[in-house]
Undergrad: 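There's a structure below that I have some questions on.
Not measured: the values here are computed from a predicted model.
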2 protein chains.
Amino acid sequence: MVERGRPRSFDRADALRRAMELFWAKSYEGVSLSELTTSMGINPPSLYAAFTSKDALFREAVALYRSTEGDRTWSGFETAATAREAVAGLLKASAENYSRDDKPRGCLIVLGALHCDLSNTAVNRDLADLRMQCVKQLQERLERAIAEGELPQTIDVQAIATFYVTIQQGMSIQARDGASREMLLAVADCAMVAWNGLTVSQN
Amino acid sequence: MVERGRPRSFDRADALRRAMELFWAKSYEGVSLSELTTSMGINPPSLYAAFTSKDALFREAVALYRSTEGDRTWSGFETAATAREAVAGLLKASAENYSRDDKPRGCLIVLGALHCDLSNTAVNRDLADLRMQCVKQLQERLERAIAEGELPQTIDVQAIATFYVTIQQGMSIQARDGASREMLLAVADCAMVAWNGLTVSQN
DNA sequence: CCATTTATTTAGTGATCGATACAGAAATAA
DNA sequence: TTATTTCTGTATCGATCACTAAATAAATGG
C-alpha cells in the first residue's frame, strides 16, 4: 500500500526532536506555538496535521525524551549488580545528563510543567505520574534487593526510594541554576554517604 | 501631614497576601492579571496604581514570602547551637512548611518561576539568586562550625551545603506532587543519616 | 463653596496565545 | 486526463494576555 496525497515536506522525527529540546529548555507553557513552528521549520497547519495539538506534541516529546535521554539515565539501573550500584549509578548518570554542554540542563519530566495547582492540566498530571514512577522503580529495586538478601527486611523502602528521587529532582533545579557537573557529581556522592546508615539492619 | 485625595478602598497588605498565595500556588506565569484582580478583589487600575506592574507585584510577594514563610523555615537556623542541629532543623521546618493544609505546597522561591532558559526573565534571575543565597547561608554556617571547632577543616563545605539545599529543593517538588508530611520528614531524616559521614575528618 | 489630589469603575488598547479556513500544490488512482 | 487525497503557505480566527485612557467618585485645602 503506497501513501496517497502530497508527501510531507519535512522530517517528522527531526521536527519532534527540535520540539523536545524546546520544551526541555523552556517547559510546556514557556514555549509558544510560534517558537515551535520557527524552530521546527514548518507552519502551524503542518504542525497540527502531524501532531494534532500542542498538548499531543508535548506528550510525544516526553515519550521521545524518555526513550532517549531517560534511557541514558536509567539504562544501568536494572542491570546493576546491586541495589547500591543501581542507585549510585542513577545519581551519577543524572548528574552527567543534567549538565551536558549541548543539551538543556536538568530534566524535562521534572521541570517541564511545574506550574499550576495539584491536578490542574493533563500535561501536569502526566509528568507527575512519571515522577511517581521513578519512586516506584527505586522501591521495586530495593524490594528485590531484600528478596535477594542484599538488604535487610527492616529498611524503610518507601522513605529511601523517595529520598534518592528527591535528590535527583533537586539536582534538576541545581543544574538549571547553573551548578557545575562536578558539583552535581559531588551531591550524588554525598547522597551515597547515607547508604550504609539507611540500609543497615535496625532491629 | 494628612494624605490627600480619595483614600484607597482596599487593604493593600491583605491584597498583597492574596497575590502571594496565588503566585505560590501557581507560579509567576501561571497566574493571570484577571486571576489576581479577582482574588484581590480590585480592578486592574487599582492593582497598577498600588503595585506598578505584575513583575513588581511578584517581587513584593516574594519579599512578603521571605519575611513570613521563609522566616518560619529559617528562623531556627542561625540560633541553633550546632551546625548539625541547624541543618536538621532547616530540613524539618521545610518538610513541615511545604505540607501545610491551609497553604500551597512547596516553596515559592523554588517553584515560582522555573520556566525559561538560564538568565531569561528578571523574575527568574531574582529567584535563582535567592536559591543561591540558601547555599551560601549553609556554607557560612558550616564555616562557622569549623572555626568553632565543631567540624574538621577537611570537610567539603560547598558540596555539603549544595547537597542539603538540593534535598530541600527536591522536597518542594515532592510536596507539590502530593507527598505526605510524614514522607517529607522521613526524607529529611534520611538526609541527616549522611551527616556523620560527610563531616568526619578524612585526612 | 471650589480647586486639587488620588482612587475607582468602565471600557477598552495592541500583542500574543493556541488553533484554523481556505486555496493552491503535489502526490496517487483510474 | 480527471478525480481524489494529503500537505503547504497565507492569512487569519476568537480568546486571553498584561496593561491603560478617560470619566467619575471621594477625600483634603483654602
Undergrad: Please step through salt bridge (charged side-chain N to carboxylate O under 4.0 Å, His left out) for the pair A/R144 and A/E78, ending with a clear verdict.
TA: CA-CA 11 Å; A/R144 192 182 115 196; A/E78 292 300 334; 3.6 Å; yes
Undergrad: Go nucleotide by nucleotide along DNA chain C from the 5' end; which of A/T52 and A/E35 gets its closest nucleotide reached first?
TA: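 Between the two, 5'-proximity favours A/E35.
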Undergrad: Output, in order, the C-alpha distance, side-chain angles, deciding distance and verdict of side-chain contact (heavy atoms from CB on, under 4.5 Å) for B/D55 and B/Y28.
TA: CA-CA 9 Å; B/D55 248 66; B/Y28 177 75; 2.6 Å; yes
Undergrad: By the definition side chain to side chain contact (heavy atoms under 4.5 Å, CB included), identify the one residue from B/T199, B/L142, B/T82 that meets it with B/E150.
TA: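 Output: one option passes, namely B/T82.
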Undergrad: Strictly below 4.0 Å: does A/R6 bring a side-chain N or O up to OP1 or OP2 of D/dT8?
TA: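 A/R6 to D/dT8 OP1/OP2: no side-chain N or O under 4.0 Å.
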Undergrad: Could you check which residues of residues 40-48 of chain A get a heavy atom under 4.0 Å from DNA chain D? Sort them by number, please.
TA: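 The answer is A/N43, A/P45, A/S46.
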Undergrad: Nearest heavy atom decides the nucleotide; on that basis, is B/P7 or B/L33 closer to the 5' end of DNA chain D?
TA: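 Of the two residues, B/L33 wins.
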Undergrad: Taking the side chain as everything from C-beta on, heavy atoms only, tell me whether A/V157 gets closer than 4.5 Å to A/I146.
TA: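 Counting from C-beta outward, A/V157 and A/I146 do come under 4.5 Å.
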Undergrad: May I ask you to list the residues of residues 54-64 of chain A, by number, that have any heavy atom positioned under 4.0 Å from an atom of DNA chain C?
TA: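 Of all residues in residues 54-64 of chain A, the ones placing a heavy atom under 4.0 Å from DNA chain C are A/K54.
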Undergrad: C/dT5 C1' sits how many Å from B/E3 CD, rounded?
TA: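 That distance rounds to 12 Å.
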Undergrad: What is the distance, to the nearest angstrom, from the OH atom on A/Y28 to the P atom on C/dC17?
TA: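 These atoms are roughly 13 Å apart.
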Undergrad: Go through residues 9-23 of chain A and report each residue with a non-hydrogen atom lying under 4.0 Å from DNA chain D, sorted by number.
TA: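 Residues of residues 9-23 of chain A that come under 4.0 Å of DNA chain D are, in numerical order, A/S9, A/F10.
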Undergrad: Check A/G106 against A/Y65 and note the closest heavy-atom contact, atom names and distance.
TA: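 The answer is O-OH, 4.1 Å.
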Undergrad: Under 4.0 Å: is that the gap between some side-chain N or O of A/S32 and OP1 or OP2 of C/dT16?
TA: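 Indeed not, no polar side-chain atom of A/S32 lies that close.
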Undergrad: For the pair B/E96 and B/K92, find out whether any cationic side-chain nitrogen is under 4.0 Å from an anionic carboxylate oxygen.
TA: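 Salt bridge between B/E96 and B/K92, a charged N being under 4.0 Å from a carboxylate O: yes.
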Undergrad: Select from B/G5 and B/S53 the residue whose nearest nucleotide in DNA chain D is closer to the 5' end of that strand.
TA: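 Closer to the 5' end of DNA chain D: B/S53.
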Undergrad: Quick test of your reading of the model: are A/R59 and A/D126 salt-bridged, counting only N-O distances below 4.0 Å?
TA: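 Salt bridge present between A/R59 and A/D126.
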Undergrad: Just do the side-chain contact (heavy atoms from CB on, under 4.5 Å) check on B/W74 and B/C134 with the steps written out, would you?
TA: CA-CA 10 Å; B/W74 287 89; B/C134 294; 3.6 Å; yes
Undergrad: Check whether any side-chain N or O of A/E21 sits under 3.5 Å from a backbone N or O of A/R18 as a donor-acceptor pair, and report yes or no.
TA: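 Here the side-chain-to-backbone pair does not exist.
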Undergrad: Show your reasoning for whether side-chain contact (heavy atoms from CB on, under 4.5 Å) applies to A/V187 and A/Q174.
TA: CA-CA 10 Å; A/V187 167; A/Q174 286 293 317; 5.9 Å; no
Undergrad: For B/E35, is there an ion pair with B/K26 - N to carboxylate O distance below 4.0 angstrom?
TA: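 The answer is yes: the pair qualifies as a salt bridge.
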